[in-house]
Amino acid sequence: CSSGAPVTQPCPGEPVVEVLSRPRPFLGEHAAPFSAFLTDSFGRHHSYLRISLTERCNLRCQYCMPEEGVPLTPKADLLTTEEILTLARLFVKEGVDKIRLTGGEPLIRPDVVDIVAQLRQLEGLRTIGITTNGINLARLLPQLQKAGLSAINISLDTLVPAKFEFIVRRKGFHKVMEGIHKAIELGYSPVKVNCVVMRGLNEDELLDFVALTEGLPLDVRFIEYMPFDGNKWNFKKMVSYKEMLDTLRQQWPELEKLPEEESSTAKAFKIPGFRGQVSFITSMSEHFCGTCNRLRITADGNLKVCLFGNSEVSLRDHLRAGASEEELLRVIGAAVGRKKRQHAGMFNISQMKNRPMILIELFLMRQDSPPALPSTFRNSLRVQVLRHRVSFSSQMVTLWKGGGVPQAPLVAQRWLGSSLPQRHFSSHLDSDANPKCLSPTEPQAPAASSGPLPDSDQLTHVDTEGRMAMVDVGRKPDTERVAVASAVVLLGPVAFKLIQENQLKKGDALAVAQLAGIQAAKLTSQLIPLCHHVALSHVQVQLELDRTRHAAVIQASCRARGPTGVEMEALTSAAVAALALYDMCKAVSRDIVLAEIKLVSKTGGQRGDFHRT
Ligand SMILES: Nc1nc2c(ncn2[C@@H]2O[C@H](COP(=O)(O)OP(=O)(O)OP(=O)(O)O)[C@@H](O)[C@H]2O)c(=O)[nH]1
Ligand SMILES: C[S@@+](CC[C@H](N)C(=O)[O-])C[C@H]1O[C@@H](n2cnc3c(N)ncnc32)[C@H](O)[C@@H]1O
Ligand code: SF4
Ligand code: SF4
């Protein structure tokens with residue numbers, strides 16, 4: 001999940017979950033072993049870290065960003081500069097020697113020059129690169145170069161200004177060209193130009209792009225169009241590497257293949273006598289996962305071990321919870337250890353959920369919206385039920401006002417089900433039956449019914465006539481509530497090994513259990529009869545393998561601001577994640593024990609904090 005409440009430390013007395021030792025390639029007598037934390041179970045060393053500096057962008061490229069835009073993470077949830085540098089320092093200490101700053105558009109982050117300058121101080125970091133759309137490049141490059149920027153990749157998908165505006169939905173062609181020339185002038189070599197090739201859009205410009213390399217020291221890189229949420233990827237729109245190569249060879253039969261660079265995304269070629277070169281990034285038709293050395297940190301602080309994997313872990317939450325370096329490394333090591341051998345294949349990844357590209361570098365789409373909704377609506381629908389009130393994202397309002405989905409209020413109400421009385425809903429519609437957009441920071445509407453608070457010596461779940469009743473929490477003050485619960489699944493050696501190697505026939509058990517836990521937290525009020533519906537602001541479920549016990553240790557953490565706590569959400573989440581793990585493994589063993597479901601900590605309630613000792 002993208003979100004995640006501050007993660008608590010393992011409790012004293014809890015079993016220590018060790019990082020699994022992974023096979024390491026032979027390194028020679030004198031070479032220092034590469035960090036085990038950054039080595040995955042296939043022996044790949046992750047020495048290249050991509051950090052997204054922002055989710056924002058001054059362009060709107062069709063292949064990267066859904067037309068209706070992307071919901072942005074609140075600023076407070078994005079990594080601060082200090083957090084970025086702390087993480088970078090840690091990764092570099094462990095052996096990362098190349099960092100690429102990306103985004104969104106990294107050059108719209110106001111302190112980008114300062115970030116480069118501070119990264120430059122990190123001993124062991126050999127390359128600091130940026131991937132940019134080039135709009136602000138000419139202006140910033142001199143300062144960036146002085147600060148220590150060593151490599152530049154610039155995106156440009158067409159050499160026709162009018163087409164540029166169509167593809168990126170903004171103006172700016174000439175600024176990008178100016179940026180490219182500035183990079184050449186300042187001595188960057190080669191200047192890499194990234195061109196995403198889409199059939200019917202720009203595949204007719206391949207030769208024009210190659211022609212640029214005759215006189216300029218460019219590496220023009222043709223990129224196969226990749227599928228991400230909301231980018232309308234379609235196999236027919238993708239132009240494969242082989243097809244592009246054929247087109248080039250017809251014009252330049254002498255095209256020469258250059259030696260492969262280790263762990264590079266690109267296959268490079270050169271036309272003899274040309275100053276520059278041409279490359280192909282073949283993520284779709286010929287993946288290069290075997291030599292993958294990349295990790296990513298998203299702008300909201302999640303570690304994403306694979307571009308096409310949707311498993312993420314929040315380093316931000318661990319940092320903010322005061323995790324020590326060792327604890328952070330343990331979390332990083334566990335995530336790297338779970339990295340898959342390769343991506344799931346072109347067609348599978350086009351079916352799976354992943355962030356839109358602009359946010360990769362979690363936005364977990366609501367997956368529980370009713371299937372009857374038109375997909376554009378489903379993807380952009382963001383409705384929050386904040387105890388007795390409903391708020392809609394501005395994006396949603398635009399859609400509505402644009403007449404896209406006139407039945408939206410009804411549909412949303414159906415989605416929310418009967419849990420929300422009509423009056424609460426309609427009070428947020430204006431006289432034209434359009435929703436009023438309330439931001440989550442606006443004062444909350446008073447609770448609809450707020451009877452007396454229960455007496456402390458009264459049974460809280462029984463009314464004065466002895467019937468079952470929910471506690472009325474309407475008058476309790478809203479406070480920030482966090483609860484963490486855990487569960488242990490004793491898998492036995494057979495299921496443990498299969499999970500560890502991700503070899504279960506049913507698929508990635510840890511990922512399924514994690515999602516089940518997140519879903520369960522959201523559904524708690526529907527499962528536990530007298531439990532209130534709580535508008536959760538974060539749910540995080542983490543699973544780690546404990547080799548000593550052949551167990552999976554689950555930790556679920558829930559956060560909400562409100563008058564009632566979230567321990568039931570955290571407990572339900574951990575319990576259901578454990579059940580889901582059982583379900584994934586029952587075909588290989590029934591000797592699986594679900595154990596130790598317990599509350600680890602709870603903060604923010606009137607009765608004081610609880611920490612299990
Ligand atoms: N499959 C896969 N493709 C990637 C990954 N990182 C980048 N790419 C592809 O490479 C393209 C260009 O990305 P860049 O930001 O220029 O990064 P790069 O290719 O790693 O750049 P260099 O560091 O110069 O090698 C992207 O559009 C992707 O198609 C990755 O981790 N996995
Ligand atoms: C997400 S952008 C971020 C950096 C910067 N804003 C830029 O455009 O260069 C990083 C790279 O991903 C590429 N990209 C984005 N969406 C893609 C897609 N669907 N398929 C292939 N490459 C994509 C972009 O062209 C760009 O080169
Ligand atoms: S590819 Fe880069 S420039 Fe284009 S929308 Fe995505 S982040 Fe912005
Ligand atoms: S798809 Fe995943 S494993 Fe493959 S190269 Fe990209 S990040 Fe690495």
Side-chain angles (χ1 to χ4, degrees), residues 40 42 44 46-67 69-70 98-108 127-137 150-157 164 167-170 172 176 188 190-197 219 221-228 230-231 238 241 261-268 279-296 299 304-311 336 339-346 348-349 354-361:
D40 70 9
F42 307 100
R44 293 176 295 197
H46 293 82
S47 57
Y48 179 178
L49 179 66
R50 300 173 63 99
I51 304 179
S52 170
L53 291 188
T54 175
E55 295 175 342
R56 293 177 185 271
C57 188
N58 41 3
L59 301 183
R60 297 281 182 279
C61 304
Q62 298 195 18
Y63 48 76
C64 171
M65 211 171 176
E67 200 165 355
V70 290
K98 172 170 174 179
I99 290 184
R100 175 166 297 283
L101 303 176
T102 173
E105 173 48 36
L107 295 189
I108 62 173
T127 308
I128 307 174
I130 268 190
T131 302
T132 167
N133 61 30
I135 298 281
N136 294 338
L137 188 63
S150 45
I152 301 185
N153 300 0
I154 306 166
S155 301
L156 179 68
D157 312 303
F164 178 92
I167 297 176
V168 311
R169 304 183 183 117
R170 292 286 185 276
V176 182
Y188 285 93
V191 173
K192 298 187 183 176
V193 173
N194 285 346
C195 173
V196 179
V197 181
D219 180 1
R221 308 195 310 162
F222 297 120
I223 304 179
E224 289 179 343
Y225 175 33
M226 306 184 298
F228 294 101
N231 81 348
M238 194 198 93
Y241 153 55
E261 272 177 44
E262 205 189 344
S263 300
S264 171
T265 49
K267 299 177 173 55
S279 308
F280 299 91
I281 299 185
T282 62
S283 312
M284 298 290 96
S285 67
E286 278 187 25
H287 71 74
F288 32 83
C289 305
T291 57
C292 182
N293 63 345
R294 289 137 198 273
L295 297 173
R296 304 180 136 73
K304 193 168 164 76
V305 294
C306 174
L307 175 60
F308 292 118
N310 47 20
S311 94
V336 172
K339 179 160 170 165
K340 304 248 174 65
R341 183 193 290 274
Q342 59 194 52
H343 72 59
M346 174 159 44
N348 289 332
I349 57 182
N354 194 1
R355 297 174 181 238
M357 181 58 158
I358 190 164
L359 297 185
I360 289 179
E361 301 244 314

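Source: prediction; values computed, not measured. We count residues from 1, following the sequence as given. First listed ligand is number 1; within each ligand, the first listed atom is number 1.
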Original post:
Can you name the nearest heavy-atom pair linking N133 to I135, along with the distance?
Top reply: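 Looking at all heavy atoms of both residues, the shortest contact is OD1-N, 3.0 Å.
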Subject >> Closest non-hydrogen atom pair, F42 against K340 >> reply: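 Closest approach of F42 to K340: CE1-C, 3.6 Å.
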Subject >> Heteroatom distance test (S264, ligand 1): nitrogen or oxygen, under 3.5 angstrom >> reply: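 S264 vs ligand 1: no N/O contact under 3.5 Å.
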Original post:
Is there any N or O on H343 that sits under 3.5 Å from an N or O of ligand 1?
Top reply: no
Specify the protein heavy atom at minimum distance from [atom]: its residue, its atom name, and the distance to 0.1 Å.
| atom | value |
| --- | --- |
| atom 4 (Fe) of ligand 4 | C289 SG, 2.3 Å |
| atom 7 (S) of ligand 4 | L307 N, 3.3 Å |
| atom 2 (Fe) of ligand 4 | C306 SG, 2.2 Å |
| atom 8 (Fe) of ligand 4 | C292 SG, 2.3 Å |

**OP:** Give a yes or no on whether C64 keeps an N, O or S atom under 2.8 Å from atom 6 (Fe) of ligand 3.
**Re:** yes
Original post:
By number and element, which atoms of ligand 4 are closer than 4.0 Å to a non-hydrogen atom of F308?
Top reply: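 Heavy-atom distances to F308 below 4.0 Å select 1 (S).
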Using a strict 4.0 Å cut-off to heavy atoms of [X], name the atoms of ligand 1 that fall inside it.
| X | answer |
| --- | --- |
| K192 | 22 (P), 24 (O), 25 (O) |
| N153 | 14 (P), 16 (O), 17 (O), 21 (O), 22 (P), 24 (O) |
| F288 | 1 (N), 2 (C), 3 (N) |
| I223 | 11 (C), 12 (C), 27 (O), 29 (O) |
| I281 | 9 (C), 10 (O), 11 (C), 12 (C), 29 (O) |

Tell me which part of [X] gets within contact of ligand 1: side chain, backbone, both or neither, using heavy atoms under 4.0 Å.
| X | result |
| --- | --- |
| M226 | side chain |
| H287 | neither |
| R50 | side chain |

Nearest-0.5 Å distance, [atom1] of residue [X] to [atom2] of residue [Y]:
| X | Y | atom1 | atom2 | answer |
| --- | --- | --- | --- | --- |
| Q342 | H287 | CD | NE2 | 3.5 Å |
| R100 | R50 | CZ | CZ | 6.0 Å |
| I152 | L101 | CD1 | CG | 11.5 Å |
| S311 | K304 | OG | NZ | 8.0 Å |

Original post:
Per the side chain to side chain donor-acceptor pair (under 3.5 Å) rule, which among T132, T131, N58 passes with E105?
Top reply: T132
Subject >> Any T102 heavy atom less than 4.0 Å to ligand 1 >> reply: no
**OP:** Please confirm whether K98 comes under 4.0 Å of ligand 1, counting heavy atoms of the residue only.
**Re:** yes
Subject >> Test item, G104 contacting ligand 3 (heavy atom, 4.0 angstrom) >> reply: yes
Examine distances only and state if a side-chain atom of [X] and a backbone atom of [Y] form a donor-acceptor pair shorter than 3.5 Å.
| X | Y | answer |
| --- | --- | --- |
| R44 | C289 | yes |
| R169 | R60 | yes |
| N153 | K192 | no |

Original post:
Does a side-chain heavy-atom distance below 4.5 Å link E224 with S285?
Top reply: yes
**OP:** Please work out which of N194, I152, L101 has its closest non-hydrogen atom nearest to atom 13 (O) of ligand 1.
**Re:** N194
Subject >> Selection from E261, R221, R294, R100 by shortest heavy-atom distance to atom 6 (N) of ligand 1 >> reply: R294
Subject >> Neighbour count above 12 (heavy atom, 6.0 Å) for R341 CZ >> reply: no
Subject >> Aromatic F280 / basic K267 pairing, under 6.0 angstrom, 45° off normal >> reply: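 Ring-cation test returns no.
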Original post:
Taking heavy atoms and a distance under 4.0 Å, where does C57 meet ligand 3: side chain, backbone, both or neither?
Top reply: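 Under 4.0 Å from ligand 3, C57 contributes side-chain atoms alone.
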